[in-house]
There are 2 protein chains.
Amino acid sequence: MSDPFEATTATLKDVAREAGVSTATVDRVLHGRPGVRDATIRRVKDTIERLGFRPHAAAAELARGRSHRFCFVMPKNQNVFMAEIVEHISKVRVWLAARRTLVDVVETDVFDADVLAETLEEIGPRYDGLAVVALDHPRVRAAIDELVGLGVLVVTLVSDAPSSRRAYYVGIDNIAAGRTTGTLIGRFLGGRSGKVAVVAGSLSLRDHAERLFGVSQVISADFPNLDLLAPVEGRDDDDHNRALTRRLLDEHPDLVGLYNIGAGTTGIGTALIESGRAKDVVFVGHDLTPQTRRFLLLGVMDAVISQNPGHEARSATRVLLALSRNEPIVAEQEYIGIDIVIRDNLP
Amino acid sequence: MSDPFEATTATLKDVAREAGVSTATVDRVLHGRPGVRDATIRRVKDTIERLGFRPHAAAAELARGRSHRFCFVMPKNQNVFMAEIVEHISKVRVWLAARRTLVDVVETDVFDADVLAETLEEIGPRYDGLAVVALDHPRVRAAIDELVGLGVLVVTLVSDAPSSRRAYYVGIDNIAAGRTTGTLIGRFLGGRSGKVAVVAGSLSLRDHAERLFGVSQVISADFPNLDLLAPVEGRDDDDHNRALTRRLLDEHPDLVGLYNIGAGTTGIGTALIESGRAKDVVFVGHDLTPQTRRFLLLGVMDAVISQNPGHEARSATRVLLALSRNEPIVAEQEYIGIDIVIRDNLP
DNA sequence: CTGTTAGCGCCTTCAT
DNA sequence: ATGAAGGCGCTAACAG
């Protein structure tokens, strides 16, 4: 071999010439389209192999000239985390525009199965693909499955509907997230005994229920010195959570740990500060926001469990793009990790 | 109905027609090339704005038709972490091949400034860009600067040379990584008193020195109950580290914490297990490997501080590509976080 | 079954 | 300072 680059610089035309066929035939073989004799297929494949030919992605994209329309279906009353995802979608728009891909965002009540399902049914068919913050409910599953049947790509985002026919889930393993919190609280307490409280938004949300499951597992299995209280629900609302926390602190002088499973962390942190017991209670919550960042630096929160909203926004679009172009997905790149953030590794 | 895509689908030709100029002129304006009257520039820019025109990335790439050659300069005696980066480079090769981009990997003694500098000087000019695991040394800096002067793009990887003219650093903030470890060890010990030992590969390596600095800061400032021993150096070698650890354990019956700053974690873990004190000593090290993963699950290690090798390999290539095409870098996407990995959030 | 041919949208000489 | 025209490598419609 001469120029080490030559191998990768062969074009489809080269292959055609070398194989003694037309470019159209090479193209057919390349994409497994019918209408080519087996013998010819083999000959072409050999030449491709021999020349180390790789189709030029940009040329293919240009020639295909398709454009894609995707839509993100997001919660209507966005908390900071969801708002950040939306913000990142906007940032990716420029990049996508240069690829003739358009992404819309619609907001709906993703917590009401009927409303969500209707939204999906209505807007779904207008798009090539959807990224949905899903509710795991039969009605929603049905809507997703129907769309998939119509040829619309569906990926779930942040919250999954595992039993649906969605093509992919972009988000974290919430049981593992709960377990992670359990271990952190237990370890940070270093043998101290007492009660651990859990505040959830709503336990009918799959991700909240899963996180609760995870934390319970770990606390009961590994930390006999700790006593997990029955979870309370605060609808992800700061005021509710503040009141709930106040009550928990009052009723349990021996409260040593606190886990906020959903949003509304500000309310809890405020109540903790007001009680003067912020430093005595190990407090872990989700999602890195200006508020939780502040709480970490103040020592009110001991850790934040976080999933990178930018990564999730990009990942969802990349996955949709790859799926609709029939390109492979780099699973490793799309994996969303459970980030543990403490004061010292704040991004 | 009119194509809802129309707005984003305007082409350079459309702009030319609307602005009453030729496509060549639009192209000139688009890329700020000289030879266009100010008035014309304004007119074209206005039309671009008005039509919401975005150049089609694929078309541009095709027309430009350039190809790129990059090279990763990696340590010769690769530890697992470095080997994983190399592995990921191979995975990206297919993707890159479709973009007429070739990446080589050369191995050299990156710990010897002269050898590294010579390698850089020798192979650098053959490439459009280099990703280098740098040693922060005057000789190396000079070599990097010279290459940059020749028009070769240089990014540093994992280990930086901040005062050189390298275009970018792909890697973590090592001081913060050290601080993170310090806090974790301190918190996990939950008030227990005793000594904390630090094993480094070599303190003349910038990243090792920085991690030491970080951990010292935190331990001395926030954990008066802990006593940081003078660091020992084990050259990232399992056998050395095992012997060192054995000695540390012997000499300090009150050793409660252990931080391995570099590689060779297996040796330390082995010594810990052999001593029977694995559960009594909080042990934190770097990089997720099959071994450290096992140690986490066994409870021998309490946390692993890790930087995602796949992310780093992709990031370095993306940055090199973006730089050489004069495209913007998505800083947020290329940020390498300090991952805290415990038993429960293992990927 | 296979080949011909006209683009896709942009970039780049080469003229003017 | 500006325009005309050819081509990058692949795809797809249309012939045969």
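In this text the structure is predicted, and so the values were computed from the model without any measurement. Chain letters run A, B, ... following the sequence lines, proteins first, then strands; residues in each count from 1.
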- Base dG3(C) paired with R28(A) side chain (donor-acceptor, <3.5 Å): yes
- Is any side-chain N or O of R54(B) under 3.5 Å from a base N or O of dG9(C), one able to act as donor and the other as acceptor? no
Nucleotide [N], atom [atom2] - distance to [atom1] of [X] in whole Å:
X      : N       : atom1 : atom2 : result
R17(A) : dG3(C)  : CZ    : C1'   : 17 Å
D27(A) : dG7(C)  : CG    : P     : 18 Å
H31(A) : dT2(C)  : NE2   : C1'   : 18 Å
L12(B) : dA5(D)  : CG    : P     : 17 Å
E61(A) : dC10(D) : CD    : P     : 14 Å
R66(A) : dA13(D) : CZ    : P     : 10 Å
L62(B) : dC8(C)  : CG    : C1'   : 9 Å
R33(A) : dG3(C)  : CZ    : P     : 15 Å

- Salt-bridge test for E61(B) and R325(B): reply yes if a basic N is under 4.0 Å from a carboxylate O, no otherwise.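 Yes, this pair counts.
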- Salt-bridge test for R139(A) and E121(A): reply yes if a basic N is under 4.0 Å from a carboxylate O, no otherwise.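 Salt bridge: yes.
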Contact class for [X] (heavy atom, under 4.0 Å): base, sugar-phosphate, or nothing?
X      : answer
G35(B) : base
A24(A) : base
V21(B) : sugar-phosphate

- Is atom CZ of R66(A) surrounded by more than 12 heavy atoms (other residues, nucleotides or ligands) closer than 6.0 Å? no
- Can a side chain N or O of S22(B) be found less than 4.0 Å away from OP1 or OP2 on dT2(D)?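 For S22(B), the contact criterion (side-chain N or O under 4.0 Å from OP1 or OP2 of dT2(D)) is not met.
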- Query: Has T40(A) got a side-chain N or O lying under 4.0 Å from the OP1 or OP2 atom of dT2(C)?
  - Reply: yes
Which nucleotide in the list [options] gets nearest to the side chain of [X]?
X       : options                  : value
R37(B)  : dA12(D), dC10(C), dA1(D) : dA1(D)
R100(A) : dG9(D), dT2(D), dC10(C)  : dC10(C)
A63(A)  : dC10(D), dG3(C), dC10(C) : dC10(D)

- Have H88(A) and E332(B) got a donor and an acceptor in their side chains that come within less than 3.5 Å? yes
- Message: When you compare the side chains of T47(A) and E18(A), does any donor N or O come within less than 3.5 Å of an acceptor on the partner?
- Response: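 No, no side-chain donor-acceptor contact under 3.5 Å.
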